[in-house]
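Below: one structure, written as structure tokens.
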Amino acid sequence: MNAPITFDAEDIEEDMEDHNNPLVLTLPVAGCNIKKILIDGGSSVNVLFYDTFKRMEINDEQLMSSYYTIYGFNGAPTKPFGDIVLQVDARPMKVDTRFSVVDAPSTYNAIIGRRWVHNLKGVAATYHQYLRFPTLEGVMEIKGDQVTAREFQALENQLNNELDEQWKSRRARNKEAAKEKEIDLISKKFLEGV
């Protein structure tokens, strides 16, 4: 349990040297093999998206009351349907994990935050694309799903480009509207002066 957790150049695959991919894992959760789990060290809450929750065939009656609201990047509040404790299997470690079940669109099936990583005493390395953690049997590792991470990064880049184009278009329309308003004010002042 006291073995050092290290990462080195040998952990990097040739095609990974210049990447910006998130760490995406596949983990057994409550006996279901869940793909597309984002490991988010910036999140203080674990999120299970409602469509994944339903595919796991868990009844809504098993949800407990959620005592907080989740705020996204844009500050928009999301109230979870409820919370549920499910076992996440990071062999040989099994961690009972509290998830907030949220009905929101996402490219991921779940988001696991830093509390879970801390419970493992683990280190999540996005650059190296590994989660490593100490066990009685030595340091264990779970390798990130590079194919999924690349797909999501490409989707995110495409979405960001589309949003940039929308913002530029909106800004150009606002500038044009401001010019027209300025011309109207000049015309009005000219007419009043006549």
Side-chain angles (χ1 to χ4, degrees), residues 19-135 140-160 162-163:
H19 75 87
N20 191 28
N21 299 334
L23 182 57
V24 179
L25 303 179
T26 298
L27 294 168
V29 179
C32 299
N33 203 34
I34 305 297
K35 296 180 179 186
K36 299 190 290 186
I37 297 175
L38 173 66
I39 303 300
D40 183 358
S43 180
S44 60
V45 65
N46 303 305
V47 175
L48 181 64
F49 292 97
Y50 189 65
D51 61 336
T52 305
F53 174 80
K54 293 310 285 179
R55 285 194 314 264
M56 293 172 73
E57 298 181 359
I58 302 172
N59 294 326
D60 288 8
E61 293 79 33
Q62 292 179 263
L63 291 173
M64 303 173 281
S65 295
S66 184
Y67 49 86
Y68 53 89
T69 301
I70 298 171
Y71 292 91
F73 178 74
N74 63 359
T78 301
K79 184 72 177 156
F81 283 162
D83 288 358
I84 190 164
V85 176
L86 301 172
Q87 189 175 79
V88 179
D89 190 352
R91 290 187 180 98
M93 309 292 282
K94 295 180 181 190
V95 180
D96 287 337
T97 306
R98 186 178 188 112
F99 287 93
S100 289
V101 179
V102 173
D103 189 16
S106 176
T107 53
Y108 301 104
N109 288 317
I111 298 172
I112 291 183
R114 65 181 171 265
R115 181 172 293 165
W116 183 82
V117 175
H118 290 183
N119 282 341
L120 286 176
K121 297 178 178 54
V123 178
T126 57
Y127 180 72
H128 296 89
Q129 288 292 297
Y130 281 102
L131 170 68
R132 291 189 175 148
F133 52 95
T135 71
M140 297 298 189
E141 66 183 26
I142 301 172
K143 185 168 176 33
D145 180 350
Q146 278 296 290
V147 173
T148 301
R150 285 185 188 118
E151 288 172 3
F152 286 176
Q153 192 61 46
L155 285 172
E156 188 174 304
N157 290 343
Q158 180 182 353
L159 179 61
N160 286 338
E162 289 171 8
L163 291 173

Compare every heavy atom of [Y] with every heavy atom of [X], then report the nearest pair and how far apart it is.
X	Y	value
Val29	Val88	CG2-CG2, 4.2 Å
Ala124	Val117	N-CG1, 4.4 Å
Pro92	Met140	CD-CG, 3.8 Å
Asp103	Tyr50	CA-CB, 3.9 Å
Gly144	Leu25	CA-CD2, 3.6 Å
Phe49	Ala110	CD1-N, 3.9 Å

Please list all pairs meeting side-chain hydrogen bond (donor to acceptor under 3.5 Å, both in side chains) that have one or both residues in residues 33-48, counting only residues at least two apart or in different chains.
none

Arg91: salt bridge (charged side-chain N to carboxylate O under 4.0 Å, His left out) partners, not counting sequence neighbours
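Once residues adjacent in sequence are excluded, the partners of Arg91 under the salt bridge (charged side-chain N to carboxylate O under 4.0 Å, His left out) criterion are Asp89.
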
What I'd like to find out is whether the side chain of [X] reaches to under 4.5 Å of the side chain of [Y], using heavy atoms alone.
X	Y	answer
Thr52	Tyr108	no
Ile112	Phe99	yes
Leu131	Trp116	yes
Ile58	Val101	no
Gln129	Val24	no
Phe133	Ile142	yes
Leu63	Ile84	yes
Val85	Met64	yes

Quick one: pull up CD1 in Ile37 and OG1 in Thr26 and give me the separation to the nearest 0.5 Å.
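With rounding to 0.5 Å, CD1 (Ile37) is 7.0 Å from OG1 (Thr26).
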
Point-to-point distance, once rounded to the nearest 0.5 Å, from CZ of Phe53 to OG of Ser100:
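So the gap between those two atoms works out to 12.0 Å.
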
Verify side-chain contact (heavy atoms from CB on, under 4.5 Å) between Ile34 and Leu27, making sure each step is shown before the conclusion.
CA-CA 5 Å; Ile34 305 297; Leu27 294 168; 5.9 Å; no

In terms of heavy-atom contacts, does [atom1] of [X] have more than 12 from other residues, nucleotides or ligands at under 6.0 Å?
X	atom1	value
Glu57	CD	no
Lys54	NZ	yes
Arg115	CZ	no

Whether the side chain of Gln62 engages the backbone of Asp83 through a donor-acceptor N/O pair (distance < 3.5 Å, no angle test) should be reported.
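Pair absent, no side-chain N/O of Gln62 close to backbone of Asp83.
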
